[in-house]
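Since the structure comes first, as structure tokens, the remarks are kept for the end.
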Amino acid sequence: MMSDVCKHCVQAGCLEVCPTGAIIRTEFDTVVIQEDVCNGCRDCIAACPFGVIEINRSRRRPRSAPCATTA
Ligand code: SF4
Ligand code: SF4
């Protein structure tokens, strides 16, 4: 069964492909998207094997629903 909860992967595909550095690992080992640094390329959506990143429709930027965002 697929889960819609972010796993905060040790090797996070989303973080590795992000061209702007918008996805970071925090001091608490959680992976978060900084929406103010995101350019909307959506590469992270394809890179997440669990399909947990969704689009914030109001801003047309990806966001990972289970991840805390700093924006
Ligand atoms: S968004 Fe996906 S790839 Fe990124 S840390 Fe969460 S589960 Fe892993
Ligand atoms: S959509 Fe934003 S957070 Fe996702 S890979 Fe592109 S710049 Fe990074």
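Order of listing sets the numbers, starting from 1, for every ligand and every atom in it. Being a predicted model, the structure only gives us computed values, none of them experimental.
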What atoms of ligand 1 come closer than 4.0 angstrom to any heavy atom of Phe50?
7 (S)
Where's the contact between Ile53 and ligand 2, heavy-atom distance under 4.0 Å: side chain, backbone, both or neither?
neither
Number the atoms of ligand 2 from 1 as they appear, then name those within less than 4.0 Å of a heavy atom of Cys44, with their elements.
1 (S), 3 (S), 4 (Fe), 5 (S)
Give the atoms of ligand 2, by number and element, whose distance to some non-hydrogen atom of Asn39 is under 4.0 Å.
2 (Fe), 6 (Fe), 7 (S)
For Ile23, which part has a heavy atom under 4.0 Å from ligand 1: side chain, backbone, both, or neither?
neither
For Thr20, which residues count as a side chain to side chain donor-acceptor pair (under 3.5 Å) partner, sequence neighbours excluded?
none
Evaluate the side chain to side chain contact (heavy atoms under 4.5 Å, CB included) criterion for residues Ile53 and Ile33: first the C-alpha distance (whole Å), next the side-chain angles of each, then the deciding distance (0.1 Å), finally the verdict.
CA-CA 10 Å; Ile53 301 177; Ile33 298 174; 4.3 Å; yes
What are the two closest heavy atoms between Asn39 and Pro19, and how far apart are they?
ND2-CG, 4.3 Å
Is Cys14 close enough to atom 4 (Fe) of ligand 1 to have an N, O or S atom under 2.8 Å?
yes
Atoms of ligand 2 close to Pro19 [distance to a heavy atom under 4.0 angstrom, numbered from 1]
5 (S)
Taking only non-hydrogen atoms of Cys9 and a 4.0 Å limit, the atoms of ligand 1 in range are 3 (S), 5 (S), 7 (S), 8 (Fe)
Check whether any N, O or S atom of Cys48 sits under 2.8 Å from atom 6 (Fe) of ligand 1.
no
Are Val31 and Cys9 close enough that some pair of their side-chain heavy atoms sits under 4.5 Å apart?
no
Metal check, atom 6 (Fe) of ligand 2 vs Cys18 N/O/S, cut-off below 2.8 Å
no
So do Val32 and Ile24 actually touch side chain to side chain, heavy atoms under 4.5 Å?
yes
Distance check, rounded to the nearest 0.5 Å: Ile23 atom CD1 versus Cys38 atom SG?
7.5 Å
Distance filter under 4.0 Å to Arg42 heavy atoms, resulting ligand 2 atoms:
1 (S), 6 (Fe)
Which segment of Thr20 sits under 4.0 Å of ligand 2 when only heavy atoms are counted
side chain
So SG of Cys14 and CG of Asp43: to nearest 0.5 Å the spacing works out to 11.5 Å
Are side-chain heavy atoms of Cys6 and His8 found at a separation under 4.5 Å?
yes
